[in-house]
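Everything on this sheet refers to the single structure shown next.
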Amino acid sequence: MLAVKKVVTEQDTLAFGLKRKIEQHEAVVGVIGLGYVGLPLAVEKGKVGFPVVGFDLNPQRVAKVNSGDNYIGDVKDEELLDLVQRGILQATTDFSRLADCDVIIICVPTPLTITRDPDISYIENSAREIARYLRPGQLVTLESTTYPGTTQEVILPLLAETGLQVGKDFFLAFSPERVDPGNKRFTTKNTSKVVGGMTPACLEIAYTLYSQTIVNVVPVSSPAAAELTKVFENTYRAINIALVNELMLLCDRMGLDIWEVVEAAGTKPFGIQTFWPGPGVGGHCIPIDPFYLTWKARQYDFHTRFIELAGEINVEVSYYVVNKVVRALNDEHKCLKDAKILVLGVAYKKDIDDVRESPALKIMELLRHQGANISYHDPFIPVIEPHGGSTVHMNSVELTDEVLAKADCVLILTDHSVIDYGRVVAKAQLVVDTRNATKDVAVNRDKIVKI
Ligand SMILES: NC(=O)c1ccc[n+]([C@@H]2O[C@H](COP(=O)([O-])OP(=O)(O)OC[C@H]3O[C@@H](n4cnc5c(N)ncnc54)[C@H](O)[C@@H]3O)[C@@H](O)[C@H]2O)c1
């Protein structure tokens, strides 16, 4: 692993002063974008004593933070409230306060455009705001997931327009966020963090910052290496999920149980990592980030074939799930048109409250398009608002025995832990299970159809 060279000396007044402020937790930390990544990060920094200013364009989010009202599952309500009440954490829409910050961390969205190209406009807008207030002695780090080259090719030129010099007057680094929402074992603090600086001094200062709150910081030689590391991690997941999804489609034809096969393969103590099939991939990362790399690779006359193929398969499985529902109803002498389908779980994965890019949205739209009568229950998502390309707008129904019994088919798309699947199977007429959520249900198994 790369060693962080100690290049900052007392003679480099700006760098040395900033590093000392960071070590003593006196540096004012600004966090741009108070979402799933930014708010937990702001709280983590505040908990060790850094004064934190959160910036967001969304005034409702800013007001919530300032009244200590938590809206992110991975943040503890009492910790946010305590930091706000003690004046350690504040939020604002006033970007002129960036001038007060010694460290500025960018955590804004990086979606795809309608034509599936990277939309880095949020990063560009943040960099422009920073440039307006940039002053000597500040560290800027980017945490948003993006293609290799963004920090150097997009952010640096915008900041350099100020006439200030990177590595001397201000410091710039990329450090990807790896947070896994809902994961109780690995949190921001105990998940190793990769960091790459524009210059050796940038790396040394950014490394010092992250070492204050994170157990293991992993330095790499450049921001681009750190950017690619993150995209590679998510690509690895996307491709392995696609591999097991493809095997699932084959198992369906061969009449074999994919869940049994994957579980058995997972008993090999080396050379394999278990990925489970499902109704498709969702969230802010897996369906999106690999295509940032695909886009960038094209500039090098290179085609990322694995990524394209994985993308195709991970979309195809959503259509397969619709087909599976049709076949399951058919076996009951029913058709999809006018059938009552109760979708159980719409979040993109279990035990979280995020529905962005969830395969449930696509599957619900496809089912509705074919005439099905759709309702849903998700204890974490009381309402689905239209967003992104999805037009679904629905409220979660209560999971009563009557609701379960009335549905022609209960379709499990997300296996939240709080649901009693024994009761679901007992009360439902038919269950299509895309997550093996019913694996421990011992009775009424003839009602269950698994993907
Ligand atoms: N959610 C995850 O699990 C996760 C994990 C690792 C990495 N990431 C990456 O982190 C980045 C942020 O993702 P997120 O899930 O936190 O997004 P989010 O949508 O939850 O939060 C982003 C916030 O940024 C705000 N914002 C947008 N433009 C802004 C601007 N110009 N100035 C100030 N605020 C602005 C939005 O109002 C929103 O509150 C993305 O690049 C994402 O890919 C996300």
Side-chain angles (χ1 to χ4, degrees), residues 30-44 53-66 70-75 91-98 101 104-112 118-133 140-148 150-151 154-155 158 174-183 186-188 191-194 214 226-227 229-235 237-238 281-293 347-358 385 387-388:
V31 176
I32 303 184
L34 297 171
Y36 285 91
V37 167
L39 193 61
L41 179 87
V43 167
E44 224 37 71
V53 185
F55 296 85
D56 206 292
L57 294 176
N58 180 335
Q60 283 93 29
R61 285 203 153 170
V62 165
K64 278 194 159 202
V65 171
N66 285 334
N70 183 27
Y71 52 87
I72 297 287
D74 286 345
V75 168
T92 182
T93 53
D94 174 8
F95 285 79
S96 70
R97 291 190 57 195
L98 286 168
C101 300
I104 300 167
I105 307 177
I106 307 169
C107 308
V108 293
T110 43
L112 293 171
D119 177 1
I120 54 159
S121 59
Y122 300 85
I123 293 182
E124 287 173 321
N125 291 341
S126 302
R128 281 195 195 97
E129 286 293 348
I130 295 169
R132 282 179 71 188
Y133 303 104
V140 177
T141 75
L142 175 64
E143 297 215 4
S144 304
T145 308
T146 183
Y147 59 79
T150 310
T151 306
V154 178
I155 298 191
L158 288 167
F174 179 82
S175 181
E177 177 53 62
R178 286 169 155 171
V179 71
D180 178 20
N183 193 327
F186 292 109
T187 57
T188 305
T191 303
S192 302
K193 195 147 170 49
V194 172
I214 286 154
E227 286 158 342
T229 302
K230 170 70 187 181
V231 181
F232 168 61
E233 290 162 13
N234 285 350
T235 300
R237 279 191 67 72
V281 289
H284 211 299
C285 298
I286 308 296
I288 292 174
D289 301 345
F291 294 98
Y292 268 64
L293 189 57
Y348 78 85
K349 66 174 186 171
K350 72 190 285 183
D351 300 340
I352 64 159
D353 64 357
D354 193 350
V355 77
R356 289 176 300 178
E357 303 285 328
S358 174
E385 309 271 7
H387 67 281

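Counting convention: from 1, in listed order, for ligands and their atoms alike. This is a predicted model, so every value here is computed, not measured.
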So, regarding [X] and ligand 1 (criterion: nitrogen or oxygen to nitrogen or oxygen, under 3.5 Å), is there a contact or not?
X	value
Val37	yes
Thr110	yes
Asn125	no
Asp56	yes
Tyr348	no

Between atom OG1 of Thr145 and atom OH of Tyr292, what is the distance when rounded to the nearest 0.5 Å?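 Reported to 0.5 Å precision, the distance equals 8.5 Å.
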What is the closest protein heavy atom to [atom], and at what distance does it sit?
atom	value
atom 21 (O) of ligand 1	Gly35 CA, 3.2 Å
atom 24 (O) of ligand 1	Gly33 CA, 3.3 Å
atom 35 (C) of ligand 1	Val108 CG1, 3.7 Å
atom 1 (N) of ligand 1	Tyr36 CB, 3.5 Å
atom 9 (C) of ligand 1	Thr145 OG1, 3.5 Å

Donor-acceptor contact below 3.5 Å, side chain [X] vs main chain [Y]:
X	Y	result
Asp56	Leu34	yes
Glu227	Thr151	yes
Ser144	Val108	yes
Lys193	Pro176	yes

Just to be sure I read this right, does ligand 1 sit under 4.0 Å from the backbone of [X], its side chain, both, or neither, counting only heavy atoms?
X	result
Glu129	neither
Pro176	neither
Arg356	side chain

Going by the atom numbers of ligand 1, which of them fall below 4.0 Å from some non-hydrogen atom of [X]?
X	value
Ile32	32 (N), 33 (C)
Tyr122	27 (C), 28 (N)
Val179	3 (O), 5 (C)
Glu177	6 (C), 7 (C)
Pro181	3 (O)
Ser144	11 (C), 41 (O)

Who's closest to atom 43 (O) of ligand 1 heavy-atom-wise, of His284, Glu143, Glu233? His284
Heavy-atom pair with the smallest gap, counting every atom of [X] and [Y]:
X	Y	value
Thr92	Val53	CG2-CG1, 3.8 Å
Pro181	Asp74	CA-OD2, 3.2 Å
Arg178	Lys230	CA-NZ, 3.9 Å

Using salt bridge (Lys or Arg N to Asp or Glu O under 4.0 Å), reason through Asp289 and Arg237 one step at a time and then give a plain yes or no. CA-CA 11 Å; Asp289 301 345; Arg237 279 191 67 72; over 6 Å; no
For Tyr133 and Phe95, I'd like to know if the aromatic rings sit close, meaning centre-to-centre distance below 6.0 Å. no
Ser96 and Asp94: side-chain hydrogen bond (donor to acceptor under 3.5 Å, both in side chains), yes or no, with the steps? CA-CA 6 Å; Ser96 70; Asp94 174 8; 2.7 Å; yes
Distance alone, cut at 3.5 Å: any donor-acceptor contact between the side chains of Tyr71 and Asp353?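 No, because no side-chain N or O of Tyr71 sits under 3.5 Å from a partner of the opposite role on Asp353.
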